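Every value quoted in this text rests on a predicted model; they were computed, and no experiment measured them. Labels below follow one simple rule: chain letters A, B, ... track the order of the sequence lines, proteins then strands, and each chain is numbered from 1. The analysis underlying the following values was restricted to heavy atoms, covering all of them including side chains, and did not include hydrogens, waters or symmetry mates.
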There are 2 protein chains.
Amino acid sequence: MKYCYPYPHPAVTTDMVIFTIRDSQLCVLLIKRRDEPFKDQWALPGGFVAEDEDIEQCAMRELREETGIDKVYLEQLYTFGKPDRDPRERVITVAYYALLPSDQLAIRAASDAVDVKWFEVSSISKLGFDHNQIVNIAQQRLIAKLDYSTIAFQLLPDLFTLTEVQRVYEIILGQAIDKRNFRKQILALDNLQKTKQQRRDGAHRPAFLYKLKKRDRIEWIR
Amino acid sequence: MKYCYPYPHPAVTTDMVIFTIRDSQLCVLLIKRRDEPFKDQWALPGGFVAEDEDIEQCAMRELREETGIDKVYLEQLYTFGKPDRDPRERVITVAYYALLPSDQLAIRAASDAVDVKWFEVSSISKLGFDHNQIVNIAQQRLIAKLDYSTIAFQLLPDLFTLTEVQRVYEIILGQAIDKRNFRKQILALDNLQKTKQQRRDGAHRPAFLYKLKKRDRIEWIR
DNA sequence: TCAAAAGTGTTCTCTTTACACCCATGC
DNA sequence: GCATGGGTGTAAAGAGAACACTTTTGA
């Protein structure tokens, strides 16, 4: 009990909603908690903000601890602070969401977890804390942002086919998109560079691979 | 020093960006600080989150303390947590913004302020803490949200003319809008109810007053 | 009677949608 | 040669932008 203050201070954590596309499904990374509260239940990865750590750095650290990955899209989502959301003490959590390219799926359990796994967003059951709500809000944000930004490319590897881009949109929006109209629109953004490489993928015509003109840059559209 | 924890806990505050329209300008409420740090400088109203208080309730309390007003539009903006943003100690702030109808402008200095005043957003000088950044982000959010929600009506009184609605849009967006197109669009939302009342306002034809069909409801458009 | 803001439709342009066939490959 | 996904254009409909005159009032 070394840290004392004249007024009560809440604990502050970050929780991460880490999205990826896996087997044509939008998935979220969850951990099985090693400790109470909600021991052995699934929950979002997260942890306490250290004394001299920026909250975004804290979120990046959590991400690195669970995935070993560093340079991915990360955005603050919302701050949740109901007084009773953690049974131990007052904990305010700043939720972030991250988008992981589908070719970078190595994961490992951090020290606070006995297991770590990808779950399809559509089939997540009851999580610890208020984490179902956090996942829902993250999913809404992701859907909304597809419409007015180029965020979807953050879920794709460096090289991708146009059909792969379309799949990402269809999976997140949950509806089919017309192929020709989609290609027209996505190419009109002037973000994509056609390469000379092709991908052979079964008994059909190979697809050209594209890359982003400016990787790591989210553009706003409309 | 009664509140002790085994790990360091940051202080958590809420800061409020309270917008209104005054004299055809977008304005923000600022307080002149009574105490250090940044004593006698202008800053956003805000305060510490109490032990058993939801953070949104805390923001509403701040709003009430400065304006006496309770039922206005309030939305969480962003959480700022750089370790050195407050010289006293580690303080993480959850920023909110509020929209005040232009007929409810009574304000009073709360106990932590020696003065309180409306400032035009366009002419705010250096504020305490990182509050200039917070105001900028709030203004960006407001501009963005005009486009895809009916948030603008939260800056208007219960009864208003169509020209007044248009002025709100023009002031926030900083550009003139075509009158006929604007009216067509705003009436197409099917949110407005024309009343039989008119407002006489100088040497010209009086304007019909409108009201919202569902006050307190923000609709998403597009 | 003059000045000032309220109120009101149509045309044109651009954007969005709907829709069908040939191509390159693996088996 | 046949099944599979890759790749391409045009026409119709809908949305957004441009634009000017009459009405009502107060002074």
Report the distance from atom [atom1] of [X] to atom [atom2] of [N], rounded to the nearest whole Å.
| X | N | atom1 | atom2 | answer |
| --- | --- | --- | --- | --- |
| B:Phe208 | D:dT25 | CZ | C1' | 13 Å |
| B:Arg205 | D:dC21 | CZ | C1' | 12 Å |
| A:Arg167 | D:dG6 | CZ | P | 7 Å |
| A:Lys194 | D:dG6 | NZ | P | 13 Å |
| A:Phe182 | D:dT8 | CZ | P | 15 Å |
| B:Phe160 | C:dA5 | CZ | P | 21 Å |
| B:Asp178 | C:dT8 | CG | C1' | 12 Å |
| A:Gln198 | C:dA24 | CD | C1' | 9 Å |

Can you tell me whether the side chain of [X] and the base of [N] have a donor-acceptor pair closer than 3.5 Å?
| X | N | value |
| --- | --- | --- |
| A:Lys184 | C:dT15 | no |
| A:Arg180 | C:dA20 | yes |
| B:Arg183 | C:dA6 | no |

Review point. Can the ring centroids of B:Tyr210 and B:Phe160 be said to lie less than 6.0 angstrom from one another?
Key: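 That pair fails the under 6.0 Å test.
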Point to revise | Audit row: A:Lys213, A:Asp190, salt bridge (charged side-chain N to carboxylate O under 4.0 Å, His left out) steps and yes/no | key: CA-CA 8 Å; A:Lys213 285 186 179 171; A:Asp190 197 31; 2.7 Å; yes
Practice item. For A:Leu209 and for B:Gly202, find the nucleotide of DNA chain D with the closest heavy atom, then tell me which residue's nucleotide is more 5'. Key: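 Here A:Leu209 is the residue nearer the 5' end.
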Practice item. Identify, between B:Asn181 and A:Leu187, the residue whose nearest nucleotide on DNA chain D lies closer to the 5' end. Key: A:Leu187
Check your understanding: In terms of ring plane angle, is the pair B:Phe182 and B:Tyr169 parallel, tilted or perpendicular, where the classes change at 30° and 60°?
Key ->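 Answer is perpendicular, since the angle exceeds 60°.
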Review point. Angle class for the A:Tyr97/A:Phe19 ring planes (parallel below 30°, perpendicular above 60°, tilted otherwise)?
Key: perpendicular
Point to revise | salt_bridge(B:Glu120, B:Arg22) N-O dist < 4.0 Å | key: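 Result for this pair is no, no salt bridge flagged.
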Exercise for review: Please determine if a side-chain N or O atom of A:Thr163 lies less than 4.0 Å away from the OP1 or OP2 oxygen of D:dG6.
Suggested key: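 It does, given that an N or O in the side chain of A:Thr163 lies less than 4.0 Å from OP1 or OP2 of D:dG6.
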Practice item. Scan B:Asp201 against the nucleic acid and name what it touches under 4.0 Å (heavy atoms): base, sugar-phosphate only, or nothing. Key: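 No contact.
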Practice item. Let me know, please, whether A:Arg200 or A:Lys179 comes out on the 5' side of the other along DNA chain C by nearest nucleotide. Key: A:Lys179
